[in-house]
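Notes follow the structure.
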Amino acid sequence: MLSQWLKDSNYTVVLTGAGMSTESGLPDFRSSNNGLWTKEDPSKIASTEALNQNVEMFFEFYRYRVLGLNEAHPHKGHEILAKWEKAGLIKSIITQNIDGFHSEAGSENVIELHGTMKKVHCQTCGKEYGNEKYAKEEFICECGGTLRPSVVLFGEMLPEDALMKAAEESEKADLFIVLGSSLTVSPANQFPLIAKQNGAKFVIINMEPTELDMFADLVVNERKIGEVLKELDK
Ligand code: NAD
């Protein structure tokens, strides 16, 4: 059914969450068994509060995440999405992920709602560096300012240009596919509803049920995204 919908659609938009990257070895946030935040309280560490008041803990937490990210790579599912974009089967990807894997796999029209952990930048002068600065425990800019990952922290607003672009894409969609998101975090979980209100078919491919399942035209649970995408790609 989904395979036919993909072929018939003129404007397919994909929204990805942390579940897109677990098959690359990166833990997600809320899975009951292995989620990142089942061990840590995000609002205490991945936050402006920690950056300002507990910077050593902040550096250590993000250094550890950067090291993990730099050892991981996009998987076949990311590659299939990039291939589908080139073939005109999908128009854009809205992602909550900060791993940069969609671009690394070759997708071009990627909207990163939460920024990227591939880069760090100076709090003071704004200069950007690759994340290897953090890997090498270099946390200070040449101007003397503090380097921070270029991600959206708890306590910060999402980038307005990304939000606007994501809303525009969602309005244009006639097929909207969610891959690996618990759809618990706003405003990302509003985009499928915008698409649905504008007449799109709405599909959720996620290991566990989500709060928006009742609005979806098709829900696929208990299946790995990589497997589902490979099957659709045949
Ligand atoms: P999530 O962890 O809430 O949900 C991931 C979902 O993916 C889960 O429901 C899980 O069942 C599913 N899943 C996992 N592996 C899968 C697989 N192989 N195949 C199919 N499904 C799979 O992630 P989310 O929805 O992206 O969370 C929302 C966002 O909140 C995150 O992306 C993150 O950006 C943000 N967040 C950020 C921070 C931070 O550090 N700033 C902290 C917490 C949350």
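What you are looking at is a predicted structure, and each value in this text was computed from that prediction instead of being measured. Order of listing sets the numbers, starting from 1, for every ligand and every atom in it. For the single chain, residues carry numbers from 1 onward in sequence order. Values below: all heavy atoms of this structure, side chains included; hydrogens, waters and symmetry mates excluded.
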N/O separation below 3.5 Å, T184 to ligand 1: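 So ligand 1 has no N or O lying under 3.5 Å from an N or O of T184.
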
- ligand 1 and F29, any nitrogen or oxygen pair closer than 3.5 angstrom?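 So ligand 1 has an N or O lying under 3.5 Å from an N or O of F29.
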
By number and element, which atoms of ligand 1 are closer than 4.0 Å to a non-hydrogen atom of [X]?
| X | value |
| --- | --- |
| R223 | 19 (N), 20 (C) |
| R65 | 40 (O) |
| K224 | 19 (N) |
| A18 | 23 (O), 24 (P), 26 (O) |
| E208 | 9 (O), 11 (O) |
| V152 | 41 (N) |
| E23 | 17 (C), 18 (N), 19 (N) |
| Y62 | 40 (O) |

Run through E169, E168, K172, E108 and flag the one making a side-chain hydrogen bond (donor to acceptor under 3.5 Å, both in side chains) with S92.
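With S92 as partner, E169, E168, K172, E108 yield a single side-chain hydrogen bond (donor to acceptor under 3.5 Å, both in side chains), made by E169.
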
#### Entry: Residue selection (non-hydrogen contact nearest atom 20 (C) of ligand 1) among N221, L15, I225
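Answer by nearest heavy atom: I225.
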
*Heavy-atom nearest option to atom 5 (C) of ligand 1, drawn from G17, A188, S186, G180*: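 It is G180 whose heavy atom sits nearest to atom 5 (C) of ligand 1.
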
Please answer whether the main-chain N or O of [Y] pairs with a side-chain N or O of [X] as donor and acceptor at a distance below 3.5 Å.
| X | Y | result |
| --- | --- | --- |
| D174 | S9 | no |
| D8 | W5 | no |
| D233 | I80 | no |

Decide if the gap between the ring center of F139 and the ring center of F59 is smaller than 6.0 angstrom.
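Ring-ring flag for F139/F59: true, centres closer than 6.0 Å.
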
Test item, [X] contacting ligand 1 (heavy atom, 4.0 angstrom):
| X | value |
| --- | --- |
| L153 | no |
| F61 | no |
| M20 | no |

With N54, which residues qualify under side chain to side chain contact (heavy atoms under 4.5 Å, CB included), at least two apart?
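For N54, the residues satisfying side chain to side chain contact (heavy atoms under 4.5 Å, CB included) (neighbours in sequence not counted) are M57.
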
Under the rule for side chain to side chain contact (heavy atoms under 4.5 Å, CB included), what residues qualify as partners of H75, not counting sequence neighbours?
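Per chain and number, H75 pairs via side chain to side chain contact (heavy atoms under 4.5 Å, CB included) with M20, E23, S24, H78.
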
Problem - No-hydrogen, no-angle side-chain donor-acceptor test under 3.5 Å, S150 and T116 - result: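 Not at all, the side chains of S150 and T116 share no donor-acceptor pair under 3.5 Å.
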
### Message
Would you say S181 and Q96 are linked by a side-chain donor-acceptor pair, where the criterion is simply a distance under 3.5 Å?
### Response
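Checked: Q96/S181 side chains pair up, N/O donor to acceptor below 3.5 Å.
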
Quick one, T22 with D28, criterion side chain to side chain donor-acceptor pair (under 3.5 Å). Give me CA distance, side-chain angles, the key distance, then yes/no. CA-CA 6 Å; T22 54; D28 63 10; 5.7 Å; no

- Query: Counting only heavy atoms, which portion of H114 has something under 4.0 Å from ligand 1: side chain, backbone, both, or neither?
  - Reply: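 Just the side chain.
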
